[in-house]
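Everything on this sheet refers to the single structure shown next.
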Protein chains: 2
Amino acid sequence: MNDPHENSSDALLKLESQLCFPLYAASRMLTKAYQPYLQALDLTYPQYLVFLLLWEHEELTVKELGEKLLLDSGTLTPLLKRMEQKQWLSRRRDPRDERSVIIRLEVAGRALREQACHIPEQLLGHMGMTKEEFEALRTQLNTLLTKLC
Amino acid sequence: MNDPHENSSDALLKLESQLCFPLYAASRMLTKAYQPYLQALDLTYPQYLVFLLLWEHEELTVKELGEKLLLDSGTLTPLLKRMEQKQWLSRRRDPRDERSVIIRLEVAGRALREQACHIPEQLLGHMGMTKEEFEALRTQLNTLLTKLC
DNA sequence: CTGAATTTAATTGCACACAATTAAACATTG
DNA sequence: CAATGTTTAATTGTGTGCAATTAAATTCAG
């Protein structure tokens with residue numbers, strides 16, 4: 001552990017010492033844990049995040065979605081077009097400001113909510129955490145997120 | 001906060017209630033924070049992770065890299081080919097088992113270490129956390145990661 | 001009111017991620 | 001040792017992510 005030839009930069013450069021790797025890996029593995037539930041609804045994980053917002057708001061501009069999800073139009077535009085193809089939502093220009101595109105939840109998208117509403121509970125099981133651990137981690141990640149933005 | 005029409009499934013279905021979103025977003029934002037440092041070395045973030053392992057081990061099979069990074073050959077093969085093109089590493093079949101491909105750190109890759117070794121310290125600044133907060137979060141993420149694998 | 005600056009999406013190009021399939025090398029078993 | 005099964009990478013196809021550029025609409029300054 002205390003190799004005299006290893007200085008502090010060496011130790012910090014190991015994969016094991018990183019915060020970034022468990023964050024990166026846990027994010028991907030959690031997405032993978034959602035997979036079976038989302039696949040049953042023909043949804044991808046980022047599409048599910050879009051739905052979480054539309055189920056709350058019904059109507060949002062691309063800009064608003066991007067601000068809330070921290071994604072830009074290069075990611076959102078093709079993703080939303082795929083969701084439009086499945087008739088889950090509509091995309092139309094705002095008549096009052098033609099620069100904006102309004103994303104609106106459509107009937108088929110609203111109907112998906114009923115099938116999705118138990119996903120969070122089911123995922124809790126996969127994480128095997130107490131409610132306290134869950135909340136503590138969520139708070140710390142939100143704090144980190146704020147500092148990184 | 002306590003809308004009588006909102007049941008527990010409704011509350012859990014909001015983006016704000018999720019653990020997955022801050023995990024997903026913080027992971028991407030942290031990768032973005034690495035960007036300027038990695039770009040200076042012509043590196044992407046997953047390539048940097050491969051280097052962290054090769055600087056420790058010098059030689060690893062694709063399978064070993066995949067196990068440590070939780071990535072499969074569909075991701076690693078093209079990524080490693082790009083790194084080979086830059087002469088950072090070599091890819092050759094193991095003579096004792098032709099199924100395995102051995103990834104070996106080359107001179108140019110070894111030289112990158114000197115330029116990269118201060119990246120972890122520089123990133124610590126961006127996260128604005130105490131060493132204790134850093135360690136606590138790292139431990140919790142590793143625990144979650146274990147449960148998800 | 002007009003030219004310049006700003007805002008907003010879309011587009012382009014590149015690099016992951018990952019499921020699913022393929023193919024080659026090796027191991028096992030009868 | 002031959003047939004079968006397993007392991008390991010590579011390949012294919014789809015869907016993000018994101019930097020950089022483009023283009024249209026709006027706002028702002030003079």
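So that the names make sense, note that chain A is the first sequence line, chain B the second, and so on, each numbered from 1.
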In whole angstrom, give the distance that lies between atom CG of A/Leu80 and atom P of C/dA9. 10 Å
Do NZ/NE/NH1/NH2 and the carboxylate oxygens of B/Glu67 and B/Lys63 come within less than 4.0 Å? yes
Specify the residue among B/Arg96 and A/Val101 whose closest nucleotide of DNA chain C lies further upstream toward the 5′ end. A/Val101
Closest to the side chain of B/Val62, out of D/dA19, C/dA9, D/dA10, is D/dA10
Closest of C/dA25, D/dT11, C/dA17 to the B/Asp97 side chain is C/dA25
Any base atoms under 4.0 Å from A/Thr44, or only sugar-phosphate, or nothing? Heavy atoms, all strands. sugar-phosphate
Kindly confirm or rule out a cation-pi arrangement of A/Arg138 over A/Phe134, judged by NZ or CZ under 6.0 Å from the six-membered ring centre and within 45° of its axis? no
So, OP1 or OP2 of D/dG17: does either fall under 4.0 Å of a side-chain N or O from B/Tyr24? yes
Whole-Å gap separating C1' (D/dG15) and NZ (A/Lys86): 11 Å
Counting only heavy atoms from other residues, nucleotides and ligands, does the tally under 6.0 Å from CD of B/Glu16 exceed 12? no
Looking only at side-chain atoms of A/Lys81, point me to the closest of D/dC18, C/dT11, C/dA9. C/dT11
Using heavy-atom distances to pick each residue's nearest nucleotide on DNA chain D, tell me which of B/Gly74 and B/Met29 is more 5'. B/Gly74
Is B/Gln122 atom CD crowded by more than 12 heavy atoms from other residues, nucleotides or ligands, each under 6.0 Å away? yes
OP1 or OP2 of D/dA19 sitting under 4.0 Å from any side-chain N/O of B/Gln39? no
My understanding is that only one of B/Tyr37, B/Phe51, B/Tyr34 makes a ring-ring contact (aromatic ring centres under 6.0 Å, His included) with B/Tyr45; could you say which? B/Tyr34
Given D/dT16, C/dA19, C/dC16, which nucleotide is nearest the side-chain atoms of A/Gln35? C/dA19
Within the structure shown, what part of the strands sits under 4.0 Å from B/Asp72 by heavy-atom distance: base, sugar-phosphate, or nothing? base
Protein-nucleotide distance (A/Phe21, atom CZ; C/dA17, atom C1'), rounded to Å: 14 Å
Check the distance between C/dA9's C1' and A/Leu71's CG and give it to me in whole angstrom. 15 Å
Considering only side-chain heavy atoms of A/Glu98, which listed nucleotide, D/dT16, D/dA9, D/dA25, is closest? D/dA25
Contact class for B/Thr61 (heavy atom, under 4.0 Å): base, sugar-phosphate, or nothing? sugar-phosphate
When you check the phosphate oxygens OP1 and OP2 of C/dC18, does a side-chain N or O of A/Arg28 lie under 4.0 Å from one of them? yes
First encountered from the 5' end of DNA chain C, between A/Arg99 and A/Thr77: A/Arg99
Is any side-chain N or O of B/Arg82 closer than 4.0 Å to OP1 or OP2 of C/dC16? yes
Is the shortest side-chain N to carboxylate O distance from B/Arg104 to B/Glu59 below 4.0 Å? yes
Can a donor-acceptor pair under 3.5 Å be found between the side-chain atoms of A/Ser73 and the base atoms of C/dA10? yes
What's the CG-C1' distance between B/Leu79 and D/dT11, to the nearest Å? 16 Å
